[in-house]
Amino acid sequence: MKQLFSPFIRSTLLGTIALVAFTCFGWCLAHNKFSSNTWTLPTSYLEAEYADFIGTAAFYKALSDGEITHFGEKSVDSLGAPNEANWNQYPTPDEALAFLCQTLVGLFGLFPGYNMSVLVGHIAASVTFFLVARIGFRVHALWAFIGGLAFGLAPYQFAQQPHHLACQYIWYLPFFPLVWTWLASDEDLSLGSRRWWQALAIGFITGLQNPYYSNIFCQLVLIIGGVRSWQMKSLERVKSASLIVAAVAFAFFASNLDTLSFRITNTAEMAGTPIIGQREYRWMDIYGFKLVDLFIPPVTHHSSSLATFGRQHRQASALNDEEGSGYLGILGIGCFLFLIFNATRAILDGRLKDVPVEVWWLLWIVLMFNTGGLNSMLAAFTGFTLFRTAIRYSIVVLVISLLYTARWMTHWQEKSLSSFQEEMLRIVTLTVTSGSLLLVLWDQIPKAPTKERITMISNAVQSDKKFVDAIEAALPKKSENKKPMIFQLPVMEGLPLQGVPASHHLRPFLYSSDLHFSYGATGETLRLQKDLERELFQGAEIEPIRDIIQLSPQNVSDVVEGLRQIGFSAIFINCNAYIDRGKGLRDVLQSLGYNTAVESSAKDFLCIML
């Protein structure tokens, strides 16, 4: 009992509780989530740059509804009409995160559950950093607390939400420097030792998460293991490093057995589909790691001067930093520069053994992922562009810098006990901690959305929900387990079109329970949809005065008849995709006798019953 309430345990528990409270407050402050009404709304909805949010929300809805399962075939019956949407094409390494989000969505509803998932990501990051600093590195509670708050409320996390939830979940990153430190030191990592099992467990957990972070973890594990083996003239560290990487690989493949087994058993359907989707090389340059981005504040900063500076820089730059995800925050920048300063001073003084090992890790990140660096060279010669958004490794720079500074401050505090009065040292420590706390809350939390923005999101959500409710009321209920099918125009393959962000065809699916949409089709089904769309608009012309698309009534009649024979019950039009907002097609359908239509209150969606 005495051990349970030792000063170390007590300060750690109190620090954890305080971190959870401050992190929750900070996130709620950033998104104005202080009422039940705002919790029912997403933090973003219509913005093109956050369009992946709709797709991610659709994934968790399908999980919550039971249409897809963990570690099982991922085919969605409510999409891809007249068949089903095949979501087995690419690996889905975030099964653990998906299970958490599915649970929260099932308990609280789609948007409240999604918001809760985002908040849990922040809390987990804060607490993990704090506990790793306290238990793994024996950092003083106050410095661990500030580091945990700066990491848990990192600008990177706000930049990645709500659209890139898997990227936002960085809670396990503080374990990386811990394992790298073990490998770089004289720590016992022999096979079967306690540290060896801990390192393997960390590797396994990492393999279940985002491959971006697994990538840098494995690279530095192998490099550090190799260097230490050379220094020790023994293969022990290389063996340990290799087994840690093997644990990462095992976890990755275990969590992707569903998609991998699908490819093996459906070779004909998967023919020509790469196991890992690649992008154009230019994204390696645009989203590459750039040192300057670590210092550029986001446009949502509380300071109008800093926000203006950030906006002007992004307007002048030809390259991008993924919505401000590179910014380390003022505290993070200070820690980063402090690490560089100490390393530079040690080198200039000829004290090479005193150069912090962390600076070599940072050097590798710069050499590997800087725009035009080794990562770009690999992509140029092999076409492997998976890790194109290397600016995401800025968060690894932040965690390294924060942990180094927290350890240094702890060492300084212990040394100062002999030269400072204890009361004076406590005052200095508390003053620095309080100032850092206020700095993090002011600098790293983005400016809260205005009432107008919240109203805009609310109106868009209500418009879509009422639109889908009206369609379900107008169409007959499903019979023989078959839902009414909706043919969606324009036909999309998941990539954005002019006026239609990626995944926005999924917006009606978020509110539907009895409809089967055409979006999400692949293979022959997708080709059929494209053929029907091509026939529908064959010979169409734009009337120059009214900008109305004039379609052939015969073509429209033939396509509608074909759709009816297949079993479609309605045509959905995303009005933003057409210069006449779908009026030309609607006029022709009305002339053919199809007069029952539902239009969203936002005037962006139109559905005509067949």
Side-chain angles (χ1 to χ4, degrees), residues 11-31 33 43 97 100 104 115-137 139-162 164-178 205 209-210 213 298 300-302 324-336 392 394-407 409 433-446 448:
S11 62
T12 301
L13 288 175
L14 290 175
T16 301
I17 294 170
L19 260 181
V20 172
F22 274 101
T23 303
C24 287
F25 172 76
W27 186 82
C28 291
L29 187 66
H31 296 293
K33 298 294 184 184
T43 57
L97 171 59
L100 170 66
L104 293 174
N115 288 332
M116 188 69 71
S117 300
V118 173
L119 176 56
V120 168
H122 281 274
I123 295 172
S126 294
V127 172
T128 303
F129 184 100
F130 178 77
L131 294 179
V132 169
R134 287 288 286 152
I135 300 172
F137 291 110
V139 169
H140 190 278
L142 289 177
W143 309 126
F145 173 83
I146 291 300
L149 190 65
F151 184 67
L153 295 176
Y156 177 87
Q157 288 208 67
F158 289 107
Q160 296 294 340
Q161 59 187 251
H164 291 156
L165 198 58
C167 293
Q168 187 231 320
Y169 262 64
I170 55 172
W171 65 270
Y172 54 98
L173 265 59
F175 287 115
F176 290 9
L178 189 63
I205 292 171
Q209 314 297 325
N210 194 316
Y213 309 130
T300 54
H301 200 280
H302 281 281
S325 61
Y327 183 57
L328 298 182
I330 294 175
L331 183 66
I333 290 172
C335 294
F336 172 72
R392 291 174 183 170
S394 63
I395 192 62
V396 182
V397 173
L398 179 63
V399 73
I400 291 172
S401 303
L402 289 173
L403 277 172
Y404 169 79
T405 305
R407 294 172 67 187
M409 291 298 292
T433 304
S434 302
S436 299
L437 171 63
L438 295 175
L439 178 63
V440 168
L441 294 177
W442 173 79
D443 174 54
Q444 296 187 191
I445 296 175

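Quick caveat, the model's predicted, so the values are computed rather than measured.
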Exercise. Going from CD on Gln444 to CG on Leu439, what distance comes out if it is rounded to the nearest 0.5 angstrom?
Worked result: 7.5 Å
For this session: For the pair Trp171 and Val120, evaluate side-chain contact (heavy atoms from CB on, under 4.5 Å) and give the outcome as yes or no after the intermediate values.
Result: CA-CA 10 Å; Trp171 65 270; Val120 168; over 6 Å; no
For this session: List the atom of Gly332, the atom of Leu402, and the distance in Å for their closest heavy-atom pair.
Result: CA-CD2, 4.5 Å
For this session: Taking side chain to side chain donor-acceptor pair (under 3.5 Å) as the test, write out the residues that go with Tyr172, two or more places apart.
Result: none
For this session: Only counting residues at least two apart or in another chain, list the ones meeting side-chain contact (heavy atoms from CB on, under 4.5 Å) with Pro446.
Result: Ala30, Phe158, Thr300
For this session: Mind listing the closest non-hydrogen atom pair of Pro174 and Val399 along with its distance?
Result: CA-CG2, 3.8 Å
List the atom pairs, with distances to 0.1 Å, where a side-chain N or O of residues 149-157 and a protein N or O form a donor-acceptor pair under 3.5 Å, not counting sequence neighbours.
unit_1	atom_1	unit_2	atom_2	d
Tyr156	OH	Tyr213	OH	2.5
Gln157	OE1	Gln168	NE2	2.9
Gln157	NE2	Phe151	O	3.3
Gln157	NE2	Gly152	O	2.9

For this session: Any chance you could measure Leu97, atom CG, to Ser117, atom OG, to the nearest 0.5 Å?
Result: 7.0 Å
Problem set entry | Contact summary for Ser126 and Leu19, nearest pair of heavy atoms | O-CD1, 3.4 Å
Problem set entry | Test side-chain contact (heavy atoms from CB on, under 4.5 Å) applied to Thr16 - qualifying residues, sequence neighbours left out | Thr12, Val127, Phe130, Leu131
Exercise. Roughly how far, to the nearest 0.5 Å, is the NE2 atom of His31 from the CD atom of Gln161?
Worked result: 4.0 Å
Problem set entry | Qualifying side chain to side chain donor-acceptor pair (under 3.5 Å) pairs, either residue in residues 324-334, two or more places apart | Tyr327-Asp443
For this session: Only counting residues at least two apart or in another chain, list the ones meeting salt bridge (Lys or Arg N to Asp or Glu O under 4.0 Å) with Arg134.
Result: none
For this session: Using a 4.5 Å cut-off on heavy atoms from C-beta on, say whether the side chain of Thr43 contacts that of Lys33.
Result: yes
For this session: Decide yes or no on side-chain contact (heavy atoms from CB on, under 4.5 Å) for Leu119 and Asn115, but give the supporting numbers first.
Result: CA-CA 6 Å; Leu119 176 56; Asn115 288 332; over 6 Å; no
